[in-house]
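Contents: one structure, followed by commentary.
Naming: A, B, ... by sequence-line order, numbering from 1 per chain.
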Amino acid sequence: MRAYEDWVREAETKGLKISEVVVQDQMEELELAEQMLFQRMRKNLKVMRESVAAGLNSESRSLSGLVGGDAAKVEGRRKNGESLVGELMSGVIARALAVAELNACMGKIVAAPTAGSCGILPAVLLTVEEARQVAEHDLLHALFTAAGLGMIIAERANVSGAEGGCQAEIGSAAAMAAAAAVELAGGTPRQTADAAAIAMKSMLGLVCDPVAGFVEVPCVKRNATGASIALVAAEMALSGVTSVIPIDEVIDAMGEIGKQMPCALKETAQGGLAMTPTGRRIQADFL
Amino acid sequence: MGKGNVFDLLGPIMVGPSSSHTAGAVRLGAMARKILGEEPVGGTIVLHGSFATTGKGHGTNLALVAGLLGMDPDDDRIPEAPKIARERGLNFAFETADLGDIHPNSVKFDILGRNGCRVQVLGSSIGGGTIVIREINDFQVEIRGDYPTLVILHQDLPGVVAQVTLLLATAQINIARMRVSREKRGAQALMVLETDQKIDEDVLGLMRKLPKIYQVLAIEPLE
């Protein structure tokens, strides 16, 4: 089983970024030239950009009618300069809601790592891009860092709500986005590991309890909170705050917690928010 | 979950909301179309388990029809698939039923093709957009659509499997996975072979001329 720590050491020894280590690994794994890898990743980035733009301007409601239009509310307040939490944070909230809402409305997204958590990575990366004016090439690199960490999470634990609860989807996406944000902001390979560990630790134990089984409530809003946790974790790591528990051990803990989690709280809509009086009423109304 | 690659973690590019209930459903429809081997003009789609109970809110019905129309999971027209089907004069009816002890995200197609072919296909969406076809016309199979696949209806007699594998060996085609099942001894049997290489038309032509082979269907892998 691979460890993220091995990549951190390799990057440190060779003076590389995590993304460069991941790209080398994947050139061998997929038997593809570097250029081809970047071409495929560019397609993902393009769809991510389109999904943010489409979601921010959308007033559409989802198939069930439960979600839609919230990204525009947050974006409106941001544009009016009224945001309490500032440009950067309100930007990440609006973008994460935008993509997650678009997904619920049958728009086109990139699963990152899943459809239910598709808003976090584009929101964090495009918000950092806006704040720091980073180059497209660096954004693509950051996506490789995120996906590389995701591979380790999938290998050591899982990225499926049905298997590991929401911590495996939103938690993994937040960890991936935190690592990517650190690299994008000029942090060290070690700091990407700390940021990912801090983000994932903040999500441990989070259950998957979607109302009526739809990828809507609470999934859409958890994309926004997950994205903000990713930025908070990145800020700590960039400042030199370290995680006492190393990232690989945090991932293993997440996998174990997922196994211990009762089935009713793993995407079956038989517990948690889905079984509240309101959750039950919505389910009864819809089915 | 085993060792994957970066594009398993970032991707697929898909129309939401769910990789299993939407993207997987498109791929199940697309596989049913490939197995039918021609454009479907109508039929019945039976939803089981979670597909039956939460399918509506996930656009599963729309996605299954989109797949039958030949769309991929990232096609913007998926939400309009039933409308497009109606415009083309195609008619698919939905039912729900308990199909037994199978994966909760399962569907059974009974579809008719433009040239009169008819096939029954049972498949499941097993997570992250991955699918598996479990039954074709009541024969047990296991097709994931990740390799070029041969589905061969033949008579259950000694040597029939050997002549097929010999033909593939001669054409330098390697078999990745293989499964044989039969109705009963000596009766009709079904052979499913997943191969590393694409199988050319001339090899398929030779295979169709082999004795005791009734039908050969070559299925290209899904996108």
For chain B, which of A:I153, A:L30, A:I152, A:T114 has the most heavy-atom pairs under 4.5 Å? A:L30
Is any side-chain heavy atom of A:K108 closer than 4.5 Å to a side-chain heavy atom of B:D75? no
Check each atom of A:E216 against the heavy atoms of chain B and say whether the ones under 4.5 Å are side chain, backbone, both or neither. side chain
Of all heavy-atom pairs linking A:L63 and B:G59, the shortest is CD1-N, 3.3 Å
Do B:D8 and A:M151 touch side chain to side chain, with heavy atoms closer than 4.5 Å? no
Most heavy-atom pairs under 4.5 angstrom with chain A, which of B:G11, B:P104, B:S18? B:G11
Does any backbone or side-chain atom of A:V47 lie under 4.5 Å from a heavy atom of chain B? Answer side chain, backbone, both or neither. side chain
Looking at A:C105, A:S64, A:A115, which makes the most heavy-atom pairs under 4.5 Å with chain B? A:A115
Would you check if B:P17 and A:M106 make a side-chain contact, meaning some heavy-atom pair closer than 4.5 Å? yes
Rounded distance (nearest 0.5 Å) linking atom CE of B:M14 with atom CD1 of A:I109: 4.5 Å
B:T22 versus chain A, the contacting section by heavy-atom distance below 4.5 Å: side chain
In terms of heavy-atom pairs under 4.5 Å with chain B, which of A:G148, A:A147, A:A111 leads? A:A111
What residues of residues 48-60 of chain A sit under 4.5 Å from chain B when only non-hydrogen atoms are counted? A:M48
Heavy-atom check, side chain of A:M176 versus side chain of B:L10, under 4.5 Å: yes
Highest number of heavy-atom pairs under 4.5 Å with chain B among A:L102, A:L143, A:T268 belongs to A:L143
Contact residues of residues 38-45 of chain A (partner chain B; heavy-atom separation under 4.5 angstrom): A:R40, A:M41, A:K43, A:N44
Against chain B, label A:A212 side chain, backbone, both or neither, depending on which of its atoms sit under 4.5 Å from a heavy atom there. backbone
Under a 4.5 Å cutoff for heavy-atom pairs, which residue among A:G107, A:G116, A:G150 has the most contacts with chain B? A:G107
The reported gap from CZ in A:F286 to NZ in B:K56 (rounded to nearest 0.5 angstrom) is 5.0 Å
Is A:L66 in contact with chain B via its backbone, its side chain, both, or neither, using a 4.5 Å heavy-atom distance? neither
